[in-house]
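All remarks here apply to the structure that follows.
Atom set for the values below is all heavy atoms of this structure, side chains included, hydrogens, waters and symmetry mates excluded. Here the structure is a predicted model, which means the values were calculated and not measured.
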Amino acid sequence: MLLGSAACWAAVSFDHTFGDHMVLQQGQSIPVRGEATGGGDVTLTFGSATVKAKKSGKRWEAVLPAMKANANGETLTARQGDDTAELQDVVVGEVWFASGQSNMLRRMDEMADKGTAIPASGNKDIRFFHAEPQVHTNNAGYGAKEKETLNNNAMYVGKWAVSAPETTPRMSAVAWYFAQELQKQLGVPVGIVHASLGGSEMMAWIPESVLKKKYHECMSEKWLDSRYMSDWVRGRARKNIGSDLNMPHPYRPGYLFKTGVQDWVDFPVKGVIWYQGESDAEIQDMKQNYELLADLIGGWRAEFKKPDMPWIQVQLPRINDKTPLRAYWPEFREVQQQSQENIPGVYTVTTVDLGSTNSDVHPARKTEVGQRLAYVAAAKIYGKDVEYSGPQVASAKPAGSTLKVTFKHAKGLATTNGSAPTGFEIAGSNGKFEDATATLKGDTVELTAPGVKKPVKVRYGWKVYFEPNLVNEAKLPAVPYAGMDKKKAKKGKK
């Protein structure tokens with residue numbers, strides 16, 4: 001089922017990551033792998049290139065040379081004697097990996113505009129491998145089928161497909177809109193490999209190689225007692241597996257990387273788009289979450305053998321929920337922002353304005369999320385002249401009882417509703433922040449607060465929920481700001 005167009009009984013076949021309609025990454029040599037049960041050499045042909053494979057037992061690998069983008073589908077052929085396996089309509093372009101938890105998993109057919117978006121989704125220059133989760137973490141005990149699937153590491157099933165009304169309904173909406181905008185920006189085929197799962201913490205996506213070095217306590221049957229497991233994750237997993245703590249579970253550290261990502265680490269991709277954090281944000285430990293995020297990114301880069309692999313992540317938005325489950329979202333946004341400041345090649349996309357006005361953890365507006373991810377990729381990875389960020393605090397200068405704040409990415413600084421900017425707080429030397437009254441003057445925002453006579457510090461967006469209105473000419477929202485420097489961010493705080 002997972003062998004692409006090669007029949008299961010064929011003497012020569014491709015690994016399941018290769019298939020009809022796939023996209024190969026331009027500008028990089030491409031290792032292609034499979035099995036061959038017969039004798040003799042295996043050769044691989046694609047376009048004008050023919051290369052001989054290296055064999056080790058039944059396994060073979062051939063490396064295609066780096067190629068330029070090509071939207072005209074060609075046939076990829078593996079041949080051993082008289083036996084052949086062919087993959088049809090293979091193109092060359094840009095390939096990205098999309099992953100995270102439920103907001104990345106959220107499908108096109110779950111969007112409010114599905115009635116118009118899906119029928120209009122036909123685009124031969126957008127291809128994707130949507131890995132469909134076979135087990136979810138619903139609030140019930142697992143039966144024999146789920147247990148067998150998990151024990152066999154058969155968590156995901158998928159194949160390559162061309163974007164079309166019949167293929168897009170179950171595809172990640174964020175990933176699809178990212179691909180649509182990026183393809184428009186670059187004018188070359190874009191391929192997305194997608195594997196995500198609702199509720200998953202970072203731990204489930206960290207490679208085993210990292211876990212063995214640093215997180216030994218998470219490698220035993222006592223993993224659910226680890227300080228890295230949030231109460232929600234712990235409760236859901238125990239509901240699923242009961243007392244059988246030795247059995248696999250999707251949230252078990254390393255499990256989702258092993259089942260959803262590991263097979264792809266030798267498949268050249270340009271970078272990763274990541275939407276996750278809602279589960280980890282329940283744990284109010286800034287240092288721990290920063291270290292987990294850094295180890296997650298570093299672990300993926302090591303496994304993909306790309307130490308500078310671009311990582312573009314979606315910052316947690318606002319949510320109108322006063323429960324303890326969401327209380328730490330401002331701190332987690334800062335964790336994400338500081339990872340951008342400290343780790344080269346990491347970028348954070350602000351979505352604070354796109355969050356729910358109620359307690360729904362799944363904001364409806366996924367189109368803009370995908371587009372903003374693509375703006376960052378276009379500008380920072382591909383050098384396109386496109387605005388990719390909202391206003392960012394550049395300086396804060398005291399002037400008596402006023403704090404004058406200037407911004408980067410501030411062209412056309414304005415508010416969406418014509419009212420004063422919202423979401424700012426200021427503090428004096430005692431560090432006690434108070435809500436500030438903001439006055440917009442050109443590209444500067446002046447801040448005052450009755451209880452702060454000599455302000456020296458500013459915060460912006462340091463709330464679980466607020467109604468942001470400050471944007472630039474591109475209508476991108478101002479970036480949350482806590483004023484932390486890099487040294488403090490690395491040390492973290494609880």
Q.
Checking K212 against E208 for the salt bridge (charged side-chain N to carboxylate O under 4.0 Å, His left out) test, could you report, in this order, the C-alpha distance in whole Å, the side-chain angles of both residues, the deciding distance, and whether it holds?
A. CA-CA 6 Å; K212 287 180 177 179; E208 189 173 291; 3.1 Å; yes

Q: Assess whether side chain to side chain contact (heavy atoms under 4.5 Å, CB included) is satisfied between N289 and L292, documenting all intermediate values.
A: CA-CA 5 Å; N289 279 329; L292 282 171; 4.1 Å; yes

Q: Test I192 against M171 for side chain to side chain contact (heavy atoms under 4.5 Å, CB included), laying out the working first.
A: CA-CA 10 Å; I192 302 290; M171 179 57 181; 3.7 Å; yes

Q: Could you walk me through whether E110 and K114 pass the salt bridge (charged side-chain N to carboxylate O under 4.0 Å, His left out) test, one step at a time?
A: CA-CA 7 Å; E110 294 176 303; K114 62 183 179 182; over 6 Å; no

Q. Would F332 and D280 satisfy side chain to side chain contact (heavy atoms under 4.5 Å, CB included), going step by step from the backbone distance to the final call?
A. CA-CA 8 Å; F332 198 86; D280 288 282; 3.9 Å; yes

Q: Carefully, step by step, assess Y382 and Q185 under the rule side chain to side chain contact (heavy atoms under 4.5 Å, CB included).
A: CA-CA 9 Å; Y382 300 104; Q185 292 281 345; over 6 Å; no

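Under a 4.0 Å N-O distance rule, the pair D225/R238 qualifies as a salt bridge. Residues E148 and K145 are not paired through a salt bridge, judged by the lack of any N-O separation under 4.0 Å between the basic side chain and the carboxylate.
With hydrogens and angles ignored, the 3.5 Å screen pairs a side-chain donor or acceptor of N472 with a backbone N or O of A474. Distance alone, capped at 3.5 Å, is enough to place a donor-acceptor pair between the N469 side chain and the T422 backbone. At least one donor-acceptor pair closer than 3.5 Å links the side chain of R333 to the backbone N or O of G461. Formation of a donor-acceptor pair under 3.5 Å by the R301 side chain with backbone atoms of M309 is found in this model. Under a 3.5 Å cut-off, the side chain of D353 and the backbone N or O of P468 do not form any donor-acceptor pair. Of the possible polar contacts, none joining the E221 side chain to the N246 backbone as a donor-acceptor pair under 3.5 Å is found. Formation of a donor-acceptor pair under 3.5 Å by the R33 side chain with backbone atoms of F18 is not found in this model. Using a distance-only test at 3.5 Å, with no hydrogens or angles considered, no donor-acceptor pair links the side chain of D266 to the main chain of F304. Between the side chain of E282 and the backbone N or O of W232, at least one donor-acceptor pair lies under 3.5 Å. In this structure, the side chain of N240 engages the main chain of N138 through a donor-acceptor pair within 3.5 Å.
Between A482 and W462, the shortest heavy-atom contact is CB-CZ3, 3.4 Å. Across all their heavy atoms, T448 and S401 have their closest contact at CG2-O, 3.7 Å. Listed here is the closest heavy atom pair of I118 and D109: CD1-CA, 3.8 Å. The shortest non-hydrogen separation linking L470 to T415 is CD1-CG2, 4.3 Å. Here the shortest heavy-atom pairing between E387 and Y375 reads O-CB, 3.8 Å. Residues L354 and P363 share a closest heavy-atom pair of O-CB, 3.3 Å.
Residues R227 and E217 are in side-chain contact: their nearest non-hydrogen atoms beyond the backbone lie under 4.5 Å apart. Using a 4.5 Å heavy-atom threshold, the side chains of Q25 and E94 count as touching. Contact annotation: the side chain of Y328 approaches that of M286 to within less than 4.5 Å [non-hydrogen atoms, C-beta and beyond]. In this structure, the side chains of L186 and K384 come closer than 4.5 Å at one or more pairs of heavy atoms. No side-chain heavy atom of S356 sits under 4.5 Å from any side-chain heavy atom of V361. A heavy-atom distance below 4.5 Å is found between the side chains of H194 and M104. By the 4.5 Å heavy-atom criterion applied to side chains, L197 and Y156 are counted as neighbours. Contact of the Y290 side chain with the N342 side chain is registered, since non-hydrogen atoms from C-beta on lie closer than 4.5 Å.
D321 and T323 form a side-chain donor-acceptor contact under 3.5 Å, judged by distance and modelled atom types alone. Under the 3.5 Å distance criterion, with hydrogens and angles disregarded, no donor-acceptor pair is assigned to the side chains of S200 and Q276. Using a 3.5 Å distance cut-off with no hydrogens or angles, the side chains of S163 and T168 do not pair a donor with an acceptor.
Between Y251 and H249, the ring centre distance stays below 6.0 Å. For an aromatic pair to be called close, the ring centres must be under 6.0 Å apart, and W329 with Y465 fails this. Side-chain rings of W96 and F178 approach one another, their centers coming within less than 6.0 Å.
Residue Q101 holds its CD atom at 9.5 Å from OG of S196, rounded to the nearest 0.5 Å. The structure places CE of M203 at 10.0 Å from CG of L296, a figure rounded to the nearest 0.5 Å. Once rounded to the nearest 0.5 Å, the distance linking CZ of R252 with CG of L245 reads 8.0 Å. Atom-to-atom distance recorded for T367:OG1 and E181:CD is 11.0 Å, nearest 0.5 angstrom. One finds the CE atom of M22 at 14.5 Å from the CZ atom of F128 (value rounded to the nearest 0.5 Å). One distance of note links CH2 of W274 with CD1 of I297; it measures 9.0 Å at 0.5 Å rounding.
Atom CD of E446 has more than 12 neighbouring heavy atoms from other residues, nucleotides or ligands inside a 6.0 Å radius. Enclosure of atom NZ in K322 is not indicated, since only 12 or fewer non-hydrogen atoms of other residues, nucleotides or ligands lie within 6.0 angstrom. Counting heavy-atom neighbours within 6.0 Å of K305 NZ, excluding the residue itself, gives a total above 12. Counting non-hydrogen atoms of other residues, nucleotides and ligands closer than 6.0 Å to NZ of K306 gives a total above 12.
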Pairs of donor and acceptor atoms involving the side chains of residues 345-352, under 3.5 Å and at least two apart or interchain, shall be tabulated with distances.
unit_1 : atom_1 : unit_2 : atom_2 : d
T348   : OG1    : Q313   : NE2    : 3.0
T348   : OG1    : Q336   : O      : 3.0
T351   : OG1    : Q315   : O      : 2.8

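In this structure, F466 and Y460 have perpendicular ring planes: the angle between them is above 60°, well past the 30° mark. A tilted orientation is assigned to the rings of W205 and W300, their planes being inclined by 30° to 60°. The aromatic rings of W264 and F97 stand perpendicular to each other, their planes meeting at an angle above 60°, with 30° marking the opposite boundary.
Take K463 and apply the side-chain hydrogen bond (donor to acceptor under 3.5 Å, both in side chains) test, not counting sequence neighbours, and it matches D435.
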